[in-house]
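Working notes, structure below.
Quick note: residue numbers are just sequence positions, from 1.
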Amino acid sequence: MSALEPYSPDRSLKGKLRRRWARAVHRRPIGGAIDGPLISFSFDDSPRSAATAGAQILEAHGKRGTYYVCAGLDGKPGHMGDYADRRDYADLSVRGHEIACHTFSHLDCGKASEPDIDRDVDRNIEALSEVGITTRHFAYPYGDVSPGAKRVLNRRFGSLRALHPGLVTPGTDLNQLPAVGIEGPEGERRAAGWIDRAIRQRVWLILYTHDVRETASDWGCTPDAFDRLVRRASAGAHVAPVGTVLGRLGIV
Ligand SMILES: [Zn+2]
């Protein structure tokens, strides 16, 4: 299974129990206070429209985002439009965006063995290093995770982002950070509600989306919706990439 086709997460009882068990082990809780409100916009897989329209909208507001990328998808066609390639990532990086790791092949880390995860991440790191990029943070493809995946990735990255919705507060596990999707017909409304909550509670919210196009996929959003959300976040919070926020909090 790759990101080239839509994915159905493992809805079996075994899959659910694995994810629940993973929440309890190999934790790295945030110790200090979160001096928010802080909001990060991230893009998973990086369809080209995220690297073009998504980046342009952030930059128009003077902001930057985090791109969790798989070098193995380099320029390929997909159900969310063509993927960006390593030249795009290098260019984004020069412009101040953060490039982060999402495995090389969009590997399901919930099901893969620890050596397979290590090998796949090595491949991504190597491919990105050829264009001068170093990745310090990671997002689980499909948000799927296992205790073994947390153990092996904990050794390699400053933070590991998952896909369950929530705010980042003191005590939140850096090895399974929550994130809220800007995706589907309700994506903008739901994300706006979470932005307001993060601002009210003065904590950190990580948002993610995929393609940013007029005809967005079920995993993306339109440029207008994305622009309204960046405007809303910027009006009440400090907006910065994931790694920048963690640095600012003195965490990693
Ligand atoms: Zn992904």
task: Could you identify which residues cluster with Val94, counting Ile, Leu, Val, Met, Phe, Trp and Tyr as linked when any side-chain heavy atoms lie under 4.5 Å apart, either directly or through a chain of such contacts?
output: none
- prompt: Should the ring pair Trp219 and His79 be called parallel, tilted or perpendicular, given that the plane angle runs from 0 to 90° and is split at 30 and 60?
  reply: perpendicular
message: So that I can tick it off, tell me whether Asp120 and Arg123 are bridged by a salt bridge, with the cut-off set at under 4.0 angstrom between side-chain N and carboxylate O.
response: no
- request: Check the pair Arg156, Asp122 against salt bridge (charged side-chain N to carboxylate O under 4.0 Å, His left out), reporting the backbone distance first and the verdict last.
  value: CA-CA 10 Å; Arg156 310 189 63 146; Asp122 279 341; 2.5 Å; yes
message: Looking at every non-hydrogen atom in both residues, tell me the closest pair between Ser40 and Trp204 and how far apart they are.
response: OG-NE1, 3.0 Å
- request: Rounded to the nearest 0.5 Å, what's the gap from OG1 on Thr52 to CZ on Arg213? Could you check?
  value: 10.0 Å
statement: Only residue of Val212, Thr222, Leu229 satisfying side-chain contact (heavy atoms from CB on, under 4.5 Å) with Ile182 is Leu229
- line: Tested for side-chain hydrogen bond (donor to acceptor under 3.5 Å, both in side chains) against Asp211, the lone hit among Ser46, Ser49, Ser217 is Ser217
query: Got a salt bridge between Asp91 and Arg87, using NZ or NE/NH1/NH2 to carboxylate O under 4.0 Å?
result: no
message: Under the rule for salt bridge (charged side-chain N to carboxylate O under 4.0 Å, His left out), what residues qualify as partners of Arg86, not counting sequence neighbours?
response: Asp74, Glu130
- line: Contacts of Ser159 meeting side chain to side chain donor-acceptor pair (under 3.5 Å) (sequence neighbours excluded), chain-then-number -> His137
query: In terms of heavy-atom contacts, does CZ of Arg27 have more than 12 from other residues, nucleotides or ligands at under 6.0 Å?
result: yes
task: Output all residues satisfying side chain to side chain contact (heavy atoms under 4.5 Å, CB included) with Ser129, sequence neighbours left out; order by chain, then residue number.
output: none
Partners meeting side chain to side chain contact (heavy atoms under 4.5 Å, CB included) with Leu167 (sequence neighbours left out): Thr169, Trp194, Arg197, Ala198, Gln201, Val203, Leu205
Salt bridge (charged side-chain N to carboxylate O under 4.0 Å, His left out) partners for Arg190, two or more places apart: none
- request: Hey, can you tell me if Tyr67 and Phe43 have their rings parallel, tilted or perpendicular (30° and 60° cut-offs)?
  value: parallel
- request: Take Arg48 and Asp88, measure what salt bridge (charged side-chain N to carboxylate O under 4.0 Å, His left out) needs, and give me the verdict at the end.
  value: CA-CA 8 Å; Arg48 181 156 277 127; Asp88 298 313; 3.0 Å; yes
